[in-house]
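Proteins get letters first, then strands, A, B, ... in listed order; numbering begins at 1 in each. Basis for what follows: all heavy atoms, side chains included, without hydrogens, waters or symmetry-related copies.
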Amino acid sequence: MASATGSAGKVWRCSSNIAVDTQQCPTYLQRWLRYSPPLRPNKTKEHIMSHSQALKQLDREQRLYRIRHSTAHVMAEAVLREFPEAKIAIGPPIDNGFYYDFDLPRSLTPEDLRRIEEHMREIIGEDHTFERSATTRERARERFADQPYKLELLDGIEPGEEVSLYTQNTFTDLCRGPHVESTKDLNAKAFKLLSIAGAYWRGDEQQKMLQRIYGTAWETPKELRQHLDHLAEVEKRDHRRLGRELDLFSTHEEAGPGLIYWHPNGARIRLAIEDYWRAEHLSNGYELLYTPHVGKSWLWETSGHLEFYSENMYSPMELDNAEYYTKPMNCPFHIMIYQTHTRSYRDLPLRWGELGTVYRYERSGVLHGLLRVRGFTQDDAHIFCTPDQIEEEIREVLRFSLQVWDDFGFTDIKAYLATRPEKSVGDDADWDKAISSLTKAIDREGLEYEVEEGGGAFYGPKIDLKIKDALGREWQMTTIQFDFNLPERFGMTFVDRDGKEKRPYMVHRALLGSLERFFGVLIEHYGGAFPVWLAPVQAVVIPVAPAFNDYADRVKRELVSAGIRANADLSDARMNAKIRAAQQRKVPYMLIAGENEQESHQVSPRLRTGEKEDAQAVAEFIGRVRQRAAAKALI
RNA sequence: GCCAGGAUAGCUCAGCGGCAGAGCAGCUCACUCGUAAUGAGCAGGUCGAGGGUUCGAUUCCCUCUCCUGGCUCCA
């Protein structure tokens, strides 16, 4: 699945005034569960409760956690049946399922998965209990003498610490638990093995590549089916598939992977996005810039990119005995403009935005449709201000950002505040002030947030916003980053009211992130059925028969001159086929034009929702589309 | 980059040592037709690239390119 979650730091706090949604906060959940006691049936004299009853008393997330964890153990047992020589690594529950990593003598095939599933169903049917036992680290070392990965895990445990083992049937695992009481608490019809993937031991490229089996597990077959349906829906909305079907964009391996070609339909949408973006920035106190695409090495040496970021930069071009680099970021160019004047405190704050196209070298294995590319346009902006202004500026950026997300139809937004990492530059006082202004801004906007302690960049703290799409997936989009590094490196100053030169604060911020990536998320969010203001084609005029082609074409021209993106389908297909074609392209309005309409200068709208409307005057329809587009309505 | 799986017509896919296939899309022709596919015909492929095995390779082997799923949600 296309996942957009960035590297998550350690979560130590969830906003206290908002209930923790465990689905949104898996790390928190796992932490909580880790320290919750293993499940025991309540065996008092007065009240003998079966295990299943005890399981039912837990809340749903905890039950699923145990079911998934236990299913992972059952899978490991099944894999050992198939491959007695297998070395087992780790097998945790994850969102919607579980995985287990194995070191196997050969590569797994889909056929193996079917057999492993068979074994699992057998084991589950045999009603084995999950027995917890405690032992010492040394005992455990003997127990797992032939399991090198388990030994390595044991090395990470304090010598005196108690080690817990869980056993079901023939399989014992080093495991913290908790588990269900017995395999009969698992439903043999509510799990499925989904995929095989390579995964480095401990996620480290230097370590051995293991084989990971991903599975999903639920309480009931119905839930499993719903989850599989959800996966099918995700697949149907895949922006790469819709990009082809709706003729929005393409990539070309022969012309360079990870580089996006926007087709006319995609470009229409991008134009709508950019027009909106520019208008909103100008009316929210920004000035807009255009800067070059390449710069001499001096620029990148000064900025530090060559030192810290060169892996991601395109190789230099040699011209006139100088090396020029294609830009991976816009910031140094904006600073060049800043430096063209002596800046007074009266000039600040400066809010400078640019739709700046940058190129970054991404390893070929990570490229993915529009979501991970090598060339993209950032909706970048830099704010230069005095320390006094910073709080207000941050608040303003955050407010503006939320307004933009609302306009694009995203209302479920969460903030992540990343604080100072160990290796970093800048004064403590600056960091404290910056973090405090970020926190105040989040509080002011009433956003739910988490703190990623030490998760900031070395040059400053940041707020990232994650938006939730129509399928409930989170995407990290907006980033608001302080930078204590570049002003220093470029020696930026402003003259304060006391006549002294001082260092301005600098904030980088991208709201949509990259237009390419945002486009991908937008396509999936709307499943290709864009709201009227973004739809590449807003209306198609469909004549009932060839005799009305002229009228249909006249209506189309009228719509186009009224600023509506309209086509007339004058092909020799039947009306029904034209409707079907427009429907599949997810055009919001189909306008049926026949004899009745022609006589009264009307059209009969059919919405892509399937709704049919009575004939109405063309002028009336124009007014309606304008109104719906202005309201940013879906249709 | 690494592991696994892919790459056959514009798209979705079948074929897997012996003449390269289907549906949709495209093109042509016919059809006077009211809310999700009118019919007939035509055209379309160095079977991702390069090398090898073979009488013969889209098919088997090797190399490369690209695509897809993954590569700590840490016992």
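- For A:Glu311 against B:G1, no side-chain N or O and base N or O form a donor-acceptor pair under 3.5 Å.
- Relative to the six-membered ring of A:Tyr99, A:Arg212 meets both conditions, a distance below 6.0 Å and an angle of at most 45° to the axis.
- For B:G39, the paired base is B:C29 (Watson-Crick or G-U wobble, both distances below 3.5 Å).
- Taking atom C1' on both B:U12 and B:C60, the two are 27 Å apart, rounded to the nearest angstrom.
- For the pair A:Arg268 and A:Trp262, the cation does not sit on the ring face, since its NZ or CZ is not both under 6.0 Å from the ring centre and inside 45° of the axis.
- To the nearest whole angstrom, the two P atoms, one in B:G6 and one in B:G26, are 32 Å apart.
- Across all strands shown, A:Ala199 has heavy atoms under 4.0 Å from sugar-phosphate atoms exclusively, and none from any base.
- Nucleic acid contact for A:Pro110: none, since no nucleic acid atom lies under 4.0 Å from a heavy atom of the residue.
- Look at A:Arg244 and you'll find a side-chain N or O under 4.0 angstrom from OP1 or OP2 of B:U12.
- Comparing the same atom, C1', in B:U53 and in B:C62 gives a spacing of 11 Å after rounding to whole Å.
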With a cut-off of 3.5 Å and sequence neighbours excluded, list every side-chain donor-acceptor pair involving residues 570-579 of chain A.
| residue | atom | partner | partner atom | Å |
| --- | --- | --- | --- | --- |
| A:Ser571 | OG | A:Asp569 | OD1 | 2.8 |
| A:Lys578 | NZ | A:Asp569 | O | 2.9 |
| A:Lys578 | NZ | A:Ser571 | O | 3.0 |

Starting at the 5' end of nucleotides 59-68 of chain B, put B wherever the base has a protein heavy atom under 4.0 Å, S where only the sugar-phosphate does, and a dash everywhere else. ------SSSS

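- Using a 4.0 Å heavy-atom distance criterion, A:Arg606 is classed as a base contact.
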Mind listing the N/O atom pairs, protein and nucleotides 43-46 of chain B, below 3.5 Å?
none

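- Remark: the separation of the C1' atoms in B:C13 and B:A25 is 14 Å, to the nearest Å.
- At a cut-off of 3.5 angstrom, counting only N and O atoms as typed in the model, there is no donor on one side facing an acceptor on the other between the side-chain of A:Arg202 and the base of B:C74.
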